[in-house]
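Order of the sequence lines sets the chain letters (A, B, ...), proteins ahead of strands, with each chain counted from 1.
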Amino acid sequence: QQPVQSPQAVILREGEDAVINCSSSKALYSVHWYRQKHGEAPVFLMILLKGGEQKGHEKISASFNEKKQQSSLYLTASQLSYSGTYFCGAMDSNYQLIWGAGTKLIIKP
Amino acid sequence: EAQVTQNPRYLITVTGKKLTVTCSQNMNHEYMSWYRQDPGLGLRQIYYSMNVEVTDKGDVPEGYKVSRKEKRNFPLILESPSPNQTSLYFCASGRVVGEQYFGPGTRLTVT
């Protein structure tokens with residue numbers, strides 16, 4: 001039932017783009033994206049609701065394909081500060097939030 | 001300052017000794033939840049609460065109890081801790097479908 005995130009890890013050079021995918025086997029009410037740096041608590045990036053909205057946050061945007069129960073997080077022109085582990089959370093109609101195992105992103109100068 | 005506080009931040013205890021981890025938020029949020037985080041498994045929701053006196057089981061509720069007597073507080077209770085409950089625990093609060101604010105985490109070791 002845990003959403004499947006891919007890739008598990010990715011290494012980029014500063015300025016390159018990345019896509020992180022999140023796929024759920026159950027019907028979703030919303031998808032939540034967070035970033036966690038080592039030794040810190042997760043920090044909110046964005047939420048996507050049913051309807052396939054694409055939301056943006058600086059150079060980070062995301063989409064939600066309701067039919068496929070998939071969401072993708074797009075990081076454009078990555079910066080060193082983007083390093084960390086990215087988690088997607090899938091919220092169902094009971095407001096239970098189940099998280100993916102995370103995607104570790106390493107940005108090199 | 002808007003924040004979620006957890007206490008204690010670090011705890012080492014022995015098997016079977018009841019413990020409580022407190023969580024408090026000052027943002028008047030309805031939704032509060034507890035997570036445990038283990039390497040390779042990501043975050044797993046233990047319990048969540050939509051409002052006062054309303055709590056629901058998350059993904060991994062076994063061995064844990066919660067209560068929501070006041071809107072701002074959501075303590076996590078381990079009646080009889082076992083070594084497999086050694087983990088990093090996060091409390092979070094937010095609007096029901098909205099940004100969640102995480103506490104700093106509590107690192108629990110059960111020997």
Side-chain angles (χ1 to χ4, degrees), chain A residues 1-9 20-51 53 55 57 60 62 64 71 84-105, chain B residues 1-7 9-10 21 23-25 27 29-51 54-61 64 66 68 74 87-107:
Chain A
Q1 280 193 338
Q2 183 179 38
V4 177
Q5 284 188 235
S6 63
Q8 288 184 318
I20 300 172
N21 299 303
C22 176
S23 180
S24 174
S25 59
K26 53 191 287 189
L28 300 179
Y29 183 79
S30 60
V31 177
H32 304 225
W33 285 98
Y34 284 73
R35 176 172 61 211
Q36 184 179 31
K37 293 186 179 287
H38 183 70
E40 298 179 8
V43 173
F44 172 79
L45 292 175
M46 63 190 69
I47 287 178
L48 299 106
L49 305 179
K50 287 199 305 184
E53 291 183 73
K55 298 282 190 178
H57 177 72
I60 301 174
F64 177 23
S71 178
T85 300
Y86 289 76
F87 292 99
C88 73
M91 180 174 272
D92 62 19
S93 56
N94 295 317
Y95 304 109
Q96 182 180 349
L97 196 53
I98 299 179
W99 300 84
T103 295
K104 188 170 185 177
L105 177 65
Chain B
E1 181 190 354
Q3 59 181 351
V4 178
T5 56
Q6 292 179 231
N7 283 293
R9 293 287 313 279
Y10 302 90
V21 184
C23 173
S24 183
Q25 52 98 359
M27 295 167 278
H29 287 151
E30 292 86 12
Y31 191 92
M32 295 187 73
S33 56
W34 275 102
Y35 302 95
R36 61 177 290 173
Q37 186 171 35
D38 303 288
L41 297 178
L43 293 157
R44 290 183 291 170
Q45 193 174 47
I46 303 170
Y47 271 94
Y48 62 105
S49 170
M50 300 280 285
N51 214 324
V54 180
T55 61
D56 287 288
K57 294 178 180 179
D59 216 24
V60 287
Y64 304 94
V66 293
R68 188 93 182 269
F74 192 44
S87 187
L88 177 60
Y89 292 86
F90 286 105
C91 177
S93 76
R95 290 178 288 122
V96 173
V97 183
E99 176 178 357
Q100 287 196 65
Y101 295 81
F102 281 77
T106 294
R107 189 166 291 281

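- Minimum heavy-atom separation, B:Y35 to B:I46: C-CD1, 3.8 Å.
- For chain A, the nearby parts of B:D59 are the backbone and the side chain; heavy atoms of each come within less than 4.5 Å.
- For the residue pair B:L41 and A:Q2, the shortest heavy atom distance occurs at O-NE2, 3.1 Å.
- Pairing each heavy atom of B:Y48 with each of B:S33, the nearest pair is CB-CB, 3.7 Å.
- Proximity to chain B involves both the backbone and the side chain of A:Y95, based on heavy atoms less than 4.5 angstrom apart.
- Looking at A:I98, only its side chain comes within 4.5 Å of chain B, counting heavy atoms on both sides.
- With a 4.5 Å cut-off on side-chain heavy atoms, B:F90 and A:Q36 count as touching.
- Looking at A:Q8, there are no atoms closer than 4.5 Å to chain B (heavy atoms on both sides), in backbone or side chain.
- Ranked by heavy-atom pairs under 4.5 Å with chain A, the first of B:K57, B:Q37, B:R107, B:R44 is B:Q37.
- For chain B, no part of A:Q5 is nearby; none of its heavy atoms comes within less than 4.5 Å.
- In this structure a side-chain-to-backbone donor-acceptor pair under 3.5 Å is present from A:T103 to A:P7.
- Your options are B:M50, B:E99, B:Q45, B:Q100, and the one with the most heavy-atom pairs under 4.5 Å with chain A is B:E99.
- Of all non-hydrogen atoms in B:V4 and B:Y101, the two that sit nearest each other are CG2-O, 3.4 Å.
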